[in-house]
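Have a look at the structure below before the remarks.
Treat the numbers as computed from the prediction; the structure is a model and nothing was measured. Just so it is clear: chains get the letters A, B, ... in the order the sequence lines come, proteins before strands, and each one is counted from 1.
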Amino acid sequence: MIDLRRLRNEPDAVLAALGRRGIDLAPVRQLIELDARQRDVARQRDEVRNQIKVISADVGRLFKEGKRDEAAELQARSRELGASEKQLDADADALAAQIRQGLLVIPNLPHPDAPDGASDADNPELRKVGYDPDAYGEHQRVAHWDIGKERGILDLERGAKLSGSMFVMYRGGGAALVRALIQLGLDRNADAFEEIRPPTLVRTETMVSTGHLPKFADDAYHVERDDLWAIPTAEVPLTSLGRDEVLDEAELPKRFMAYTTCYRREAGSAGRDTRGLLRVHEFDKVEILAYATPEQAPGLLEEMVGRAEATIAGLGLAYRVIEICTGDMGQSHHRSFDIEVYAPGVDLWLEVSSISWFSDYQARRANIRYRPLVTDGTPSKGTEIIHTLNGSALAVPRVWAAIVETYRRPDGQITVPDLLRPYLGGREVLAAGPSR
RNA sequence: GGAACGGUGGCAGAGCGGACGAAUGCAGCCGCCUUGAAAGCGGCCGGGCCGAAAGGCUCCGGGGGUUCGAAUCCCCCCCGUUCCGCCA
């Protein structure tokens, strides 16, 4: 969530920043008002409490001195004040709860350098690498769902039989390819990121920390009996790793990566981009994430984009990098870049990675802080909220689709990209059935 | 699933009706000592709100209650640890 104090102290700047997202600012203005009222009521309550405290001390003293009558008088006065204190306290609490709820659904402020825009149509393309529309042969213009069926490496019918549409099943060389991609994603980042294997069912508060709840509850699977949520991305557990902790600045940046299965209900997207592997309910992904100081964040963002990009490039796939404009950003994003891979069979650019800087938005929800280093000889005073960044290092299904389409030969066989051969026992083509 | 114990500052851990925002230790910061470091000694060392400041109020897992007054007593909830049972 955004910083309430900043909203209070610099309302114009905050409103202007939020305005760039094209959202309705009325609830934000209302929040400023509620905050002023809340603090006013709280101040009145504090004054009354102070009187009660002073009186109570006197009562104790008078009792000791044996002045029972005077004490009784004060007790009565205190009881009267107690009633008004209770009312003021209830009012202040109610206002605070309203503010908290309002704050949870206000999106993050976009970075000053984030491009303005109203929708994804306004996202500037930063670079396009390895793409030549004329270089693809007819043999590559076959959709991965057809290739997968033809080669016996993707069984969509049986996936749907087991779990319904948008649940998929890989087989033989296709299943091995999934495993290889996961391993590749981890290996490419093992130099700097600690590998984590987190739980994939998490508590409500864990989902709230990253901004996935309360606003986007419909997008997540919920295990009602145990009140647990299936994570839509490893970002959720990795961000909450540090919840309620205070780190030393010297520990930052702290970097984590995790391979997990991800679950998304994709409510409201029925029928859109839903064929084959374009959009599925359950998929595998390697996520990279960092806790950083505000100063470290920009460099990390660039590095993380570079890492995701290099992996796609290494696989020999065409891709482009686009920056997300203010009108298309996710709720929690401060600045965000997407990597889209080109899949020639379906002739589509598929989003395979979204790398984002969240400023202190998630960390404020999760209460992850750090103690700044002392620079000028004075003891460090207080704590600061860390910044979080994260992105997909490798999201399997769409990369799988792009590989299968790009590497399909005229004879219908699918060549294994060089980078993946070590992960596939040296095999050169993807085939059905047992791998050895 | 059954039982017991517990949730207090960065960490560990006292406090169990008024003098407690909270002992003590560790960690951290400043200074002394030292060629340097360690040890030792002295000092400092939680967050939020109001206030120009002085200062005031608030927070001891969450909520409710008792009381003139609650970290401390009572009730409900949440979370954790350990033991037993079950199980990969």
Checklist entry - When you compare G85(B) with A4(B), how far apart are their C1' atoms, in angstrom units rounded to a whole number? => result 15 Å
Next on the checklist: If you only use heavy atoms from C-beta on, which nucleotide in G80(B), C49(B), G10(B) is closest to the side chain of R203(A)?
Outcome noted: G80(B)
Next on the checklist: Between P on C57(B) and CG on D89(A), what's the gap in Å once rounded to a whole number?
Outcome noted: 15 Å
Next on the checklist: Does atom CD (E33(A)) have a neighbourhood of more than 12 heavy atoms from anything else shown, all under 6.0 Å?
Outcome noted: no
Checklist entry - For the side chain of S78(A), counting heavy atoms from C-beta on, which of C79(B), C68(B), G10(B) is nearest? => result C68(B)
Checklist entry - Across all strands, who's sitting opposite G69(B) as a Watson-Crick or G-U wobble pair, both distances under 3.5 Å? => result none
Checklist entry - Taking a pair as Watson-Crick or G-U wobble with both distances under 3.5 Å, which nucleotide is matched to G51(B)? => result none
Checklist entry - If we take the C1' atom in both G62(B) and G13(B), what is their distance in whole Å? => result 23 Å
Next on the checklist: Nearest whole Å is fine: how far is G48(B) P from E384(A) CD?
Outcome noted: 10 Å
Checklist entry - So what's U81(B) paired with, Watson-Crick or G-U wobble, going by both distances under 3.5 Å? => result A4(B)
Checklist outcome for this item: Taken to the nearest whole Å, CD1/I52(A) to P/U67(B) is 14 Å
Item to check | Separation between the P atoms of C26(B) and G40(B), rounded to whole Å | outcome: 8 Å
Checklist entry - How far, in whole Å, is G63(B) from G9(B) if one measures between their P atoms? => result 16 Å
Checklist entry - What distance, rounded to whole Å, do you find between the two P atoms, one in G18(B) and one in A54(B)? => result 30 Å
Item to check | Main-chain N/O of R265(A) paired with H281(A) side-chain donor or acceptor, under 3.5 Å | outcome: yes
Checklist outcome for this item: Rounded to whole Å, the CZ-C1' distance (R371(A) to G10(B)) equals 5 Å
Checklist entry - If we take the C1' atom in both C75(B) and G25(B), what is their distance in whole Å? => result 36 Å
Next on the checklist: Under 3.5 Å for both donor-acceptor distances, Watson-Crick or wobble: does A14(B) have a partner, and if so which one?
Outcome noted: none
Checklist entry - Which residue, D244(A) or R49(A), contacts RNA chain B at a nucleotide closer to its 5' end, judged by nearest heavy atom? => result D244(A)
Checklist entry - Rounded to the Å, how far apart are R369(A) CZ and G46(B) P? => result 13 Å
Next on the checklist: Can you confirm whether more than 12 heavy atoms, excluding those of K215(A), are under 6.0 Å from its NZ atom?
Outcome noted: yes
Checklist entry - Whole Å only: how far is the CD atom of E205(A) from the P atom of C79(B)? => result 8 Å
Next on the checklist: Looking at R6(A), I'd like to know if its CZ atom is crowded, meaning that more than 12 non-hydrogen atoms belonging to other residues, nucleotides or ligands lie closer than 6.0 Å.
Outcome noted: no
Item to check | Under 3.5 Å on both distances, the Watson-Crick or G-U partner of A22(B) | outcome: none
Item to check | Short side-chain N/O contact from R5(A) to OP1 or OP2 of G48(B), under 4.0 Å | outcome: yes
Checklist entry - Distance check: side-chain N/O of R43(A) vs OP1/OP2 of U58(B), anything under 4.0 Å? => result no
Item to check | Rounded distance in Å - CZ (R8(A)) to P (G48(B)) | outcome: 11 Å
Checklist entry - Watson-Crick or G-U wobble partner for G42(B), using a 3.5 Å limit on both distances? => result C30(B)
Checklist entry - Considering only the C1' atoms, how many Å lie between G55(B) and A70(B), rounded to the nearest integer? => result 25 Å
Checklist entry - Using atom P of each nucleotide, how far apart are A38(B) and C30(B) to the nearest Å? => result 12 Å
Checklist entry - What do the steps show when you test F358(A) against H333(A) for ring-ring contact (aromatic ring centres under 6.0 Å, His included), and what is the final call? => result CA-CA 5 Å; F358(A) 300 83; H333(A) 297 169; 5.2 Å; yes
Item to check | Heavy-atom neighbours of R158(A) CZ exceed 12 at 6.0 Å | outcome: no
Next on the checklist: Please determine whether side chain to side chain donor-acceptor pair (under 3.5 Å) holds for the pair T239(A) and N390(A), giving the CA-CA distance in whole Å, both sets of side-chain angles, and the decisive distance to 0.1 Å.
Outcome noted: CA-CA 9 Å; T239(A) 301; N390(A) 70 248; 4.8 Å; no
Checklist entry - Does K86(A) put a side-chain nitrogen or oxygen below 4.0 Å from OP1 or OP2 of G64(B)? => result no
Next on the checklist: On the nucleotide C68(B), are OP1 or OP2 found under 4.0 Å from the side-chain N or O atoms that R79(A) carries?
Outcome noted: yes
Next on the checklist: Measure CD/E251(A) against C1'/G10(B) and give the value in whole Å, please.
Outcome noted: 10 Å
